[in-house]
Every structure is written in C-alpha cells, then in structure tokens.
There are 2 protein chains.
Amino acid sequence: MARTKPSEPDAAGSDKTEQILQGAMQEFLAHGYAGTSMDKVAKTGGVSKATVYSYFADKEGLFVALVQRLARKKVHFPVLDEEPAVALRFVAITILDQASHEPEYLNFVRLVIAESGRFPQLAQTFVKNLAKPGIERLTQYFASHPELKLPDAEATARIFIGSLVYFQLTQHMMHGKDIIPMERDRLIDSLLHLILSPQSNS
Amino acid sequence: MARTKPSEPDAAGSDKTEQILQGAMQEFLAHGYAGTSMDKVAKTGGVSKATVYSYFADKEGLFVALVQRLARKKVHFPVLDEEPAVALRFVAITILDQASHEPEYLNFVRLVIAESGRFPQLAQTFVKNLAKPGIERLTQYFASHPELKLPDAEATARIFIGSLVYFQLTQHMMHGKDIIPMERDRLIDSLLHLILSPQSNS
DNA sequence: GTCTATAGATCGATAGAC
DNA sequence: GTCTATCGATCTATAGAC
C-alpha cells in the first residue's frame with residue numbers, strides 16, 4: 001500500500017484526510033474553534049462524522065493539525081532587489097496586497113490570534129514559521145546595506161513589518177477603512193522616507 | 001426611584017446589571033463568544049440565568065453591550081511633553097507596559113480581533129474609540145513639531161503606534177517572547193532614532 | 001474503512017412558582 | 001423581580017451494521 005497509515009497523525013496524506021482538512025479549514029476559518037461543529041466539518045468535507053474521528057482523535061486534534069499545516073505552508077516572501085528604494089517598496093506592497101491576492105490569509109491570522117489564549121503553542125508555531133523568517137530576512141537585508149546607517153537592523157525590520165501589519169489590522173481586519181482612511185502609498189512613502197533619508201549625526 | 005429602568009438596555013446602571021456584566025466580562029474575555037455559555041455567565045455573575053435574560057434580550061445582545069462598554073472606557077493616553085525625545089519615549093513605554101499594568105487589556109484586544117469577522121461593528125467601535133484617538137493625538141503632536149521635518153504626520157503616527165502594537169502582538173499576545181526575543185528599549189531606541197535624527201535633503 | 005443511528009452532555013431560551 | 005425546573009435543539013464522541 002502506498003497510502004500513509006491513518007494511525008500516523010502527522011503524515012496526513014490520504015484522500016480522505018485531505019477532504020477532512022479541507023472541510024475543517026473552511027469551517028474553522030469562518031467560525032473559529034468553539035463556533036465550529038464536527039457535524040459541519042464532516043458535511044463540508046463530504047464524509048461522515050465517524051470517518052473524521054477515525055482520522056483524528058478529537059476536535060482539538062483536528063484543529064491543531066489543521067493550523068500547524070497552514071502555518072507550515074511557505075509564505076511568499078519576495079526576492080530583495082539590490083536597490084533599497086526599489087526593494088523595500090516592493091516588500092511593502094507585497095505584504096499590504098496579500099489581503100487582496102490571498103483573502104483567506106486574513107482569516108487565518110485572525111483565527112490564530114483568536115485562539116492564542118487557549119492554544120498558545122499554535123500561536124508560537126505561527127511566530128516561528130511565518131513572523132520570524134520575515135523579520136530575519138529583512139534584518140539581513142538591512143544589515144547588508146550599511147549605507148542606510150541603521151544602528152539596529154533587527155529593530156528596524158520589526159518597525160517596518162509592524163507598521164504594515166498594523167495597517168492591515170486596522171484597515172481590513174477590524175474594518176476601519178472608512179473610519180480612519182488612508183491610502184496605502186502614503187504609509188509606504190513615509191516608511192521609506194524614515195528609513196532611506198540620509199541622516200546626519202545628532 | 002433613583003434606579004434606572006431595566007427596560008432601557010443602554011442605561012445599565014443597576015446592581016444586577018453590573019453583576020451580569022462583570023460575569024460576562026470574565027467569561028467572554030477568557031473563552032470568546034461561542035466558547036462562553038449563558039449558564040456560566042449567570043453563575044460567575046452570581047445571578048440566575050433567567051435574571052440575565054430579563055436584563056438582556058439574548059446572548060448576542062449581552063455580548064454587544066459588554067464590548068461596547070469596554071470600548072468606551074477611556075484609555076489612558078499620556079500628556080505629551082514639549083521635548084520630542086522625552087515625550088515619544090514616554091508614549092512608547094506607556095503603550096508597551098500597558099500589558100503589565102492592565103493585563104485584561106490584552107484579552108480585550110484579542111476578543112475584538114477574534115470576533116471582528118462575525119461582529120464587524122464591534123471592531124469598528126474599537127477603532128473609532130481607541131485606535132483613532134491615539135492616532136489623532138500623536139498626529140497632532142507630530143504636526144506641531146515642524147523641526148522634526150516629517151512630511152506626513154499622520155502616516156508617521158501610524159508607523160509609530162503600529163511598531164509598538166506589532167511588538168505587543170508578537171511578544172505577548174502570540175507568546176513569541178522566547179522565539180524572537182528583543183528588549184523593549186531596543187525597539188524604542190530605533191523608533192526614536194528614525195523619527196528624531198536630523199535628516200538632510202535626498 | 002465508512003456509514004447510520006444514537007448516547008449523554010450541554011447549549012440558548014423560557015415557563016411558572018413565589 | 002428573581003428564582004428553579006425544564007424544553008427542544010445541538011454538541012462531542014461512539015457503537016454497531018455492512
């Protein structure tokens with residue numbers, strides 16, 4: 001048999017496993033952990049509830065498996081151009097437009113934050129596999145461009161990414177677009193101005 | 001009678017109303033909307049479930065009333081000193097230490113984000129009453145200090161606050177302190193460096 | 001292996017005693 | 001007004017047919 005044994009919970013390679021995880025993803029992303037029923041997961045996945053329980057021990061096990069899987073999907077972090085003014089703007093646009101190109105990503109981030117109190121290890125997996133690589137990548141870029149005269153590459157990387165994430169948080173995730181409106185490019189321009197403008201000694 | 005009539009849902013001034021809201025706060029902040037039962041709210045509040053339903057129409061009404069109330073509590077935004085290097089550091093420390101001084105605030109933000117998909121108007125109330133005043137206050141401060149030579153005061157205010165919020169998000173809310181550790185003051189120093197360093201024309 | 005059917009607990013909401 | 005008791009629906013999880 002080529003198929004992975006269901007008793008290995010982390011393998012998750014069979015068709016039925018895939019169906020279940022697809023159903024679970026759709027339901028958990030839309031309704032959260034407590035708001036999702038195993039009946040609905042089974043129906044959405046196109047299998048019976050008993051089948052779900054033959055592949056996953058319980059609701060919590062299914063949820064953990066799903067979120068770990070989503071957190072392990074490689075995120076698209078763009079190649080960095082040599083010229084900072086070009087590279088940094090491209091990174092910023094890529095992050096800010098992620099919500100448009102991959103609308104499910106916003107729901108995924110919301111879910112991880114929502115359950116970070118009851119499932120702290122899932123939030124940590126998210127930080128380890130998604131936030132950390134992005135910060136490190138940008139830190140390396142800043143560190144390899146001494147002409148920017150940045151005293152702390154990693155802190156600057158967090159400021160850069162933090163500004164973009166907060167913008168997404170307020171404008172889209174929390175539906176603040178019409179309450180505190182701002183053009184995407186205004187934020188990027190100011191961010192690049194702060195980082196790229198030649199600075200004299202104080 | 002001095003007491004507010006229970007039939008006015010927004011007044012919410014009686015002792016029982018206060019008990020119910022206290023119980024609701026404890027439960028909703030800990031377990032989210034779907035994860036909270038009205039039985040537990042009643043027990044934690046020290047009243048019967050029927051009493052809860054005599055003060056609030058249903059679970060959704062109680063939840064909305066609670067979150068609106070919490071979002072209307074004035075947040076402590078510090079007075080801004082005249083000297084930017086002092087004022088901005090103080091603002092940053094105040095925001096970053098909020099999690100220590102008022103640990104429930106983190107759970108409140110998490111709850112609002114968690115339910116921002118199913119209760120978008122609550123997220124908007126949060127943006128309107130908490131995020132917007134903070135951004136406007138800092139924007140005014142930047143605008144009234146032209147010696148900082150900031151081309152866009154509001155965008156800079158969002159960068160400033162966004163960096164701090166993202167730091168709180170990764171380090172505390174998502175439990176990333178041990179995965180991507182960083183001293184609080186390193187972030188503040190870099191943030192102040194970017195904003196305060198005299199910049200020449202490019 | 002996958003299904004239907006169901007057990008046992010808990011949910012939101014209400015009726016009726018006092 | 002506030003309580004206890006309970007209804008009907010829905011929940012997680014499993015037993016048993018095939």
Side-chain angles (χ1 to χ4, degrees), chain A residues 1-9 11-67 114-115 118-119, chain B residues 1-9 11-67 114-115 118-119:
Chain A
M1 264 218 221
R3 172 133 87 72
T4 309
K5 273 166 40 188
S7 53
E8 298 170 13
S14 76
D15 283 356
K16 287 270 190 261
T17 304
E18 199 56 39
Q19 277 182 260
I20 295 166
L21 286 171
Q22 282 294 325
M25 179 172 69
Q26 200 167 311
E27 295 301 317
F28 281 127
L29 285 182
H31 308 107
Y33 178 75
T36 293
S37 74
M38 294 295 265
D39 283 87
K40 203 74 169 58
V41 168
K43 178 172 284 186
T44 304
V47 298
S48 75
K49 194 163 56 168
T51 301
V52 175
Y53 278 98
S54 79
Y55 281 81
F56 298 93
D58 50 22
K59 185 183 179 183
E60 192 170 313
L62 171 59
F63 181 68
V64 171
L66 172 74
V67 175
E115 308 301 339
R118 293 167 287 278
F119 297 92
Chain B
M1 264 213 224
R3 171 133 89 72
T4 309
K5 276 166 39 187
S7 53
E8 299 170 12
S14 76
D15 283 357
K16 288 268 188 257
T17 305
E18 199 56 38
Q19 277 182 259
I20 294 167
L21 285 172
Q22 281 296 324
M25 180 172 68
Q26 199 167 311
E27 295 301 317
F28 281 127
L29 284 182
H31 309 107
Y33 178 75
T36 293
S37 73
M38 294 296 265
D39 284 87
K40 204 72 170 57
V41 167
K43 178 172 285 186
T44 304
V47 298
S48 76
K49 193 162 59 167
T51 300
V52 175
Y53 278 99
S54 78
Y55 282 81
F56 298 93
D58 50 20
K59 184 183 179 182
E60 193 170 312
L62 171 59
F63 180 69
V64 170
L66 172 74
V67 176
E115 307 301 340
R118 291 169 286 279
F119 296 92

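Below, chains carry the letters A, B, ... as their sequence lines are ordered, and counting in each starts from 1.
- Comparing B/Val47 and A/Ser37 by the nucleotide of DNA chain D that holds the closest heavy atom to each, the one mapping nearer the 5' end is B/Val47.
- Straight-line distance from the CG atom of A/Asp39 to the C1' atom of D/dT14: 13 Å, rounded to whole Å.
- Regarding B/Phe63, its CZ atom lies at a distance of 17 Å from the P atom of C/dC11, rounded to whole Å.
- Using a 4.0 Å cut-off, some side-chain N or O of A/Ser48 falls inside it from OP1 or OP2 of C/dC3.
- For A/Thr51 and C/dG1, the shortest distance from a side-chain N or O to OP1 or OP2 is not below 4.0 Å.
- The side chain of B/Lys16 sits closest to D/dT2 out of D/dT2, D/dT12, C/dC3.
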TODO: In sequence, state the C-alpha distance, the side-chain angles, and the governing distance for B/Phe119 and B/Phe63, and then conclude on side chain to side chain contact (heavy atoms under 4.5 Å, CB included).
DONE: CA-CA 10 Å; B/Phe119 296 92; B/Phe63 180 69; 3.7 Å; yes
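- Inter-residue side-chain proximity for A/Leu62 and A/Met38 is flagged as met; some heavy-atom pair is nearer than 4.5 Å.
- Taking every side-chain heavy atom of B/Lys49 into account, C/dA13 is the closest of C/dA13, C/dC3, C/dT6.
- Here D/dT10 presents its P atom at 14 Å from NZ of B/Lys59, a figure rounded to the nearest Å.
- Side-chain nitrogen and oxygen atoms of B/Tyr53 include at least one within less than 4.0 Å of the OP1 or OP2 phosphate oxygen of C/dA13.
- One interatomic measurement links the two molecules: CD of A/Glu60 to P of D/dC11, which rounds to 18 Å at whole-angstrom precision.
- Rounded to whole Å, atom P of C/dC11 lies 17 Å from atom CG of B/Asp58.
- The side chain of B/Met38 lies closest to C/dG12 when the candidates are D/dT12, D/dC3, C/dG12.
- Rounded to whole Å, the distance from NZ on A/Lys43 to C1' on C/dC3 is 15 Å.
- Relative to the ring axis of B/Tyr33, B/Lys59 places its NZ or CZ within 45° and under 6.0 Å from the centre.
- Without hydrogens or angle criteria, A/Gln22 side chain to A/Gly45 main chain gives no donor-acceptor distance under 3.5 Å.
- Distance from the side chain of A/Ala50 is smallest to D/dA15 among D/dT4, D/dA15, D/dT12.
- The CD1 atom of A/Ile20 lies 7.0 Å from the OG atom of A/Ser14; values are rounded to the nearest 0.5 Å.
- Between A/Tyr55 and C/dT2, a side-chain N or O to OP1/OP2 separation shorter than 4.0 Å is present.
- Following rounding to the nearest Å, B/Phe56 (CZ) and C/dG12 (C1') show an atom-to-atom distance of 16 Å.
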